[in-house]
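Everything on this sheet refers to the single structure shown next.
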Amino acid sequence: MSLVYAKNLEKHYGTDVVLERLNFTVEAGEFVTVVGASGCGKTTFLKMLLGTEALSAGELALNGASIPGEPGPDRGVVFQKYSVFPHLSVLGNVMMAEELARAPVLGKLFGKRRRRAREAAVARLGEVGLDDALDKYPHELSGGMQQRLAIAQALMMRPRILLLDEPFGALDPGIRGDMHELITRLWKELGLTVFMITHDLEEAFSLGTRVWVFDKVRHDPQAPNAYGATITYDLDVDRNRDMKAAAAATLARGASATHPATEEV
Amino acid sequence: MSLVYAKNLEKHYGTDVVLERLNFTVEAGEFVTVVGASGCGKTTFLKMLLGTEALSAGELALNGASIPGEPGPDRGVVFQKYSVFPHLSVLGNVMMAEELARAPVLGKLFGKRRRRAREAAVARLGEVGLDDALDKYPHELSGGMQQRLAIAQALMMRPRILLLDEPFGALDPGIRGDMHELITRLWKELGLTVFMITHDLEEAFSLGTRVWVFDKVRHDPQAPNAYGATITYDLDVDRNRDMKAAAAATLARGASATHPATEEV
Amino acid sequence: QHARDDFRIAWSIYVGWMPWAYADSQGVVDKWADKYGIDIDLVQVNDYVESINQYTSGNVDGVTATNMDALTLPAASGVDTTVIILGDYSNGNDGVVLKNARSLKDIRGRQVNLVQYSVSDYLLSRALESVGLSQRDVSPVNTADADIVGAFANPDVTAAVTWNPQLSVISNMPEANMIFSSKQIPREILDLTIVNTDVLKANPDLGKALAGAWYETMAKMAADDPKALSIMAEAAGTDLAGYRKQLAATHLYSDPANAAALMTDPELLDTMKKVARFSFEQGLLGPSAPGPDVIGIRTPAGVYGNRGNIKLRFDPRFTTHVEQAK
Amino acid sequence: MKRLINLRGGRGLRIALALLPFIVLATAYIAIANQKTEFNPNQRLFPTAEQMSQTMTRMATQADMRSGEIALWADTRASLQRLGIGVAISATAALIFGLVSGGIPLFRAPFSPLITVVSLIPPMAILPILFIVFGTGEMAKIALIVIGITPFLIRDLQGEALRLPEEQRIKAQTLGANSWQVLIRVLLPQLTPRLISTTRLALGSAWLFLIAAEAIAAQSGLGYRIFLVRRYLSMDVILPYVAWITLLAFIIDRALYLISRKWFGWYHVDEQASA
Amino acid sequence: MKRLINLRGGRGLRIALALLPFIVLATAYIAIANQKTEFNPNQRLFPTAEQMSQTMTRMATQADMRSGEIALWADTRASLQRLGIGVAISATAALIFGLVSGGIPLFRAPFSPLITVVSLIPPMAILPILFIVFGTGEMAKIALIVIGITPFLIRDLQGEALRLPEEQRIKAQTLGANSWQVLIRVLLPQLTPRLISTTRLALGSAWLFLIAAEAIAAQSGLGYRIFLVRRYLSMDVILPYVAWITLLAFIIDRALYLISRKWFGWYHVDEQASA
Ligand SMILES: Nc1ncnc2c1ncn2[C@@H]1O[C@H](COP(=O)(O)OP(=O)(O)OP(=O)(O)O)[C@@H](O)[C@H]1O
Ligand SMILES: Nc1ncnc2c1ncn2[C@@H]1O[C@H](COP(=O)(O)OP(=O)(O)OP(=O)(O)O)[C@@H](O)[C@H]1O
Ligand SMILES: [Mg+2]
Ligand SMILES: [Mg+2]
């Protein structure tokens, strides 16, 4: 049974169709990167996986069951911004998951149990290179450090799926390289299934085992929102290095131009 | 006489040295792109040209005279954000310069003079491709359209120098291409001298006639702020295509590493 | 109402009620309350109208008030009220003050600052009457009792009706003249301590204790005890000399015998008749009152008004009780 | 079943829930009032709906004996006029001082500490002084409103001016603006909608000061009436008057909001739909 | 010469300018007071500095004959106690209701419209009702403060809870939080510093309500004293009392700010140095 499965998945806002005819299966352990013009519905798609947006039509299954209508600990997430809690120290942010699990009433651990949670958190922070900054607050960290923290935090409860919405979009080019290395390592070590949205084609191809390009295939000039975007390319990276050019062309053109009918991928 | 000239220019904040030993001459019509690690002082440098930050030591001359201590209509500017006035329509933003020049008391034009200013503004907006959006407000524009507007606005009074601080940093890759074309065309047509800061090396090399790399050449591990950045590479793009790799290496390393003493460029 | 053993009495600042300040702070009230095995809490309220409201709404069991306000506020609101102490009558302690005027007639057309519908309004009516004018000839500005002083310091404010201690402050201002005072209508403005009749019926000891404390204090005043007077002066926010001056305009019934005599005098019934009539004309007895006699007023000399609706009672028994105890 | 924090309910449910507390409160009040009145027909603390509507009908239609005016409308007119004049003076002063103080550092240096101290003085405490200075006419009431809200408005506008991105001032200067032009073309138009939204906030205080001043010395006005009739415990007047004031406050607030949205659409972009 | 808007002056100049208006005002007042007193030694409207300091020394050192207490301190204690209790009750209620309303949509649906309407009622208008309901004891004064500021605090905290990035709630849920845990571990700690800063704002109103209530019914308190001595135009008491209240208000405000900075440093990151 595949981990994630979609059949004719659609999303509308009122009469605007954002996404339509999404069909795919994703197996456990895949690294799916999603690219597409701004506003084409990538974030909306991620939110459906997360459970914060309802489907409008079709099916979306996780582990063979319909996807839950709200976020849960099986799906970790890292956003571009606001991903960590500003009121908690680095350590506090990473210990949070364990505290929530073990202290249902106060949501805080004390004494021995706290020490144990702390050890686990310190170990994870070591993995992402933040062991020097345990007691700092997010506002004292650089953008790159904040995103490392967000990743460490998201992975504490060992979710099966990790969802990333342009996690490195706000970072400097130099720092991005380190982050790529980090995420690849964690993906492999923890056996994660990753969905990552990015604007950077380079990044999409170097990180993903599978690259999806979202675009509109049908277009009505009178009603620009009558048709939604779908997966126009579904590229297996190892086999399709040469398809990168095609994807780049789609991206460069943006969502405003019409598209040759490429309904089957 | 060269347009801009600096000799041993320095900038300190308290005991922190941000920039030191800046020496250069820039001739009218050059297109200087500035790259460098985050926090190395690029924006600070631009602010000194703009007149909003005072020099700490050395000389900075414009047209042979010491640079004025405040912004003026001879130096146009486009920031990454907040560059246009949110309370004015597209047309209002672009007409502003002429209204300020011709209506010293109210800062507003009426009747025939207004119509004339409007015509000039519409023409300029046509050049940047915003003639469809004359009466829209900035919040109704996409990020790319806002930056086009900011450029059109900055150029209305035909400044000799145009200062750009990561003007396209927040834009999608697709849209960046258009903007590059636009800025290159305007630079040539209006005979501007441009200083542009960017994080994108590709952009720096494709747009500039001259690429400056800011970096610290001296480093004291005990006092990381005791020495400032300076221009470590000053590349004439047409002659030095091959130097791009060296610049890239500097950038990737970031400002945290020490640097081989490359005091002369 | 049933028997209780703790009570609250509200009072506000006025010459004739300052004895309560002394009796409260020097333990006189407590002493008498203990004697009857009850507890009495005296509450000072900064604003006169509010003190009466507290009584009418039942938050306190008794209050200090003038005869007119006792009739038009609690009694007219249906609270059966008994006068247990008739402390004094105003003998110049209420007055009409005008700036730049030689006769009362000059008040015509002016704005007059006063506590509307209070005993000041009554005094104003009596004053206007005396020169053939009526309320229509002036324009009243409702002003809290204590704020009249500040307002009168402003040149635009040229007429005011108020009582002491404010009265003495404003009549000393430049160009100000007290042109009519309660001296001209003696024994019409009576300063009382009143108690809820039902509470009193269930707890007659309350009345005895209050009267006892009151007349013990009165004895000190009659003896011109400087310490007692100074304490009262301080509580009123003035000094001994200032307080003595205010007392001069007050006819205190320090001897309970005299107070009891006035209560039983038919003249009191007459005064109350006059007051009821004025109140009715001013609409103070309620919008639906058919005549001045809707509310029954009982004095030892008889009853005025509706016998089926007696809401204000003058009861000299507590005063006489003190007298006999002496 | 979703977590409680994720449950939202449909539009119908939300409207029903929004009305619920009002219906419950109204029903409870009417029940108490009726029961108390049955027990004691003369009680005045909990007037029944009928009593209140009778009293209000009288106050809204019959002329007062003394003044010949219809009380409710005369009171409303007097209060709204004071409120309007007071708020208009405050807003004008605040716009001017906020603009100059926010825009010119050398003016702000002495002015800002002064206005900070002034804004800390509780205006109620100086009410006695106001009566001395302004008497008991309209001036004192308007002055209390002006003194009460102007420092707050000025500080808010000054703060807003300082929060405007520095980039705008720089940009204007690169377009050739002098100091005066920066003030009137960059700051002024952006402070105006802020002034409206801050005035909406300050209106609550303005009402307070108005009522406080009317309570102490007045010849007419909504606050005057409430404090005049309190001595008869006329809750049948007080309660409808309070409701009427609340309604007026609501209408003024919405009107200002809608005007601001209409004229300054760009200012309201970031607002949530619910504001 | 730079443009006016670009002139800032050095640190010394700025401090001198900041002191200037206070020095000018104080000098002007002293001159007027001395002149008026020379002309008429009995005038009470403009007490001289000596008169005020004498009066205040007396009020701050000599025990009141009647109560045996020193007036200034007794008044201060009484007022601060009322203010403290009132504000503490309001803040606690606001934190609870703001948290629940901001966090749970199904609670917010009925609660938010109710609190909006309640917040529009001018508390001064219901002052007479409060005295009737609560009497003239401490309760009524505290109740006025509570009724006056709680709706504002609740609305502000609710708004703040809604402004917290949705991402945080989602993130917490992906970390395994249930509704209760989202409330107490995500919303509560972030609302607490906001509560402090909003309370600082609301303290101005709290002082107002306190003074208004003390003016009408009290036996001690700073407002009581001011409204007691206005019968005699004792400006030598009123003016120093107003200054004293202003100073107390300033100290409380700064103390809250410093506590907040110390405990919730992360909350103050975006603040300008001048705040
Ligand atoms: N709550 C909503 N109501 C109505 N329309 C919405 C809503 N959320 C998103 N949309 C619309 O759906 C479309 C897709 O938005 P989405 O955020 O998914 O795009 P995106 O691909 O993530 O874009 P970007 O690359 O800019 O992040 C956009 O046109 C957006 O305006
Ligand atoms: N007003 C100031 N006071 C003190 N230090 C400052 C000030 N402005 C900037 N700095 C410091 O000067 C250094 C250079 O800042 P600057 O903004 O010029 O860097 P930058 O190269 O533009 O960085 P980025 O690429 O992130 O925009 C930084 O270390 C910054 O912290
Ligand atoms: Mg997105
Ligand atoms: Mg920069």
Side-chain angles (χ1 to χ4, degrees), chain D residues 3-9 13-14 17-18 20-22 45 103-106 109-114 117 119-129 132 152 162 169 173 178-179 182-183 204-205 207-208 211-212 215 222-223 226-227 230 233 235 238-239 241-242 245-246 249-250 253 272, chain E residues 3-9 13-14 17-18 20-22 45 103-106 109-114 117 119-129 132 152 162 169 173 178-179 182-183 204-205 207-208 211-212 215 222-223 226-227 230 233 235 238-239 241-242 245-246 249-250 253 272:
Chain D
R3 287 179 203 109
L4 187 54
I5 54 166
N6 295 327
L7 289 178
R8 282 174 187 274
L13 176 66
R14 283 209 301 278
L17 284 176
L20 184 69
F22 297 101
L45 284 180
I104 301 176
L106 286 186
F111 183 73
S112 182
L114 179 66
V117 170
S119 73
L120 281 167
I121 302 174
M124 285 301 292
I126 56 168
L127 198 50
I129 303 176
I132 295 169
F152 165 75
L162 291 175
R169 272 171 250 213
Q173 294 182 62
N178 57 31
S179 294
V182 170
L183 290 187
S205 307
W207 274 106
L208 277 182
I211 292 170
L222 299 164
I226 287 177
F227 276 77
R230 84 192 150 125
L233 296 184
M235 299 297 261
I238 294 180
L239 291 179
Y241 259 67
V242 169
I245 291 174
T246 306
F250 178 76
D253 182 69
Q272 293 194 323
Chain E
R3 287 180 202 106
L4 186 55
I5 54 166
N6 295 328
L7 288 178
R8 283 174 187 272
L13 176 66
R14 283 211 301 278
L17 284 175
L20 182 71
F22 297 101
L45 284 181
I104 302 176
L106 286 186
F111 183 73
S112 182
L114 179 66
V117 169
S119 72
L120 281 166
I121 302 174
M124 284 301 293
I126 56 169
L127 192 53
I129 302 178
I132 291 167
F152 165 75
L162 291 175
R169 272 171 251 214
Q173 293 183 60
N178 59 30
S179 294
V182 169
L183 290 187
S205 307
W207 275 105
L208 276 182
I211 292 170
L222 299 164
I226 288 177
F227 279 75
R230 78 203 141 134
L233 283 187
M235 299 305 270
I238 294 181
L239 291 180
Y241 259 68
V242 169
I245 292 175
T246 306
F250 178 76
D253 182 68
Q272 294 194 318

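Proteins come first, then strands; the chains are lettered A, B, ... in the order of their sequence lines, and each starts at number 1.
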**OP:** Flag the one option from D/L106, D/D253, D/I245 with the top tally of heavy-atom pairs under 4.5 Å to chain E.
**Re:** D/L106
Subject >> Residue part contacting chain E, namely of D/L222, when any heavy atom lies under 4.5 Å >> reply: neither
**OP:** Go through D/L183, D/V182, D/I129 and name the one with the most non-hydrogen pairs under 4.5 angstrom from chain E.
**Re:** D/I129
Subject >> Heavy-atom pair count under 4.5 Å with chain E, highest-scoring of D/R8, D/R14, D/R230 >> reply: D/R8
Subject >> Pairs of heavy atoms under 4.5 Å with chain E: top-ranked of D/N6, D/L127, D/N178, D/I126 >> reply: D/N6
**OP:** Apply side chain to side chain contact (heavy atoms under 4.5 Å, CB included) to E/F250 and D/V117, showing your working.
**Re:** CA-CA 8 Å; E/F250 178 76; D/V117 170; over 6 Å; no
**OP:** Please round to the nearest 0.5 Å and tell me the distance separating atom OG1 of D/T246 and atom CH2 of D/W207.
**Re:** 9.0 Å
Original post:
From E/F227 CZ over to E/I238 CD1, what is the distance, rounded to the nearest 0.5 angstrom?
Top reply: 8.5 Å
**OP:** Name the option with the most non-hydrogen atom pairs under 4.5 Å to chain E; the candidates are D/L208, D/L7, D/I226.
**Re:** D/L208
**OP:** Keeping the roles fixed (side chain from E/S119, backbone from E/F152), state whether a donor-acceptor pair exists under 3.5 Å.
**Re:** no
Subject >> Atom pair CE/CE of D/M124 and E/M124 - distance to nearest 0.5 Å >> reply: 5.0 Å
**OP:** Give, for atom OG of E/S179 and atom CD of E/Q173, the distance between the pair rounded to the nearest 0.5 Å.
**Re:** 7.0 Å
**OP:** Could you have a look at D/L239, D/I132, D/L20 and say which one has the most heavy-atom pairs with chain E under 4.5 angstrom?
**Re:** D/I132
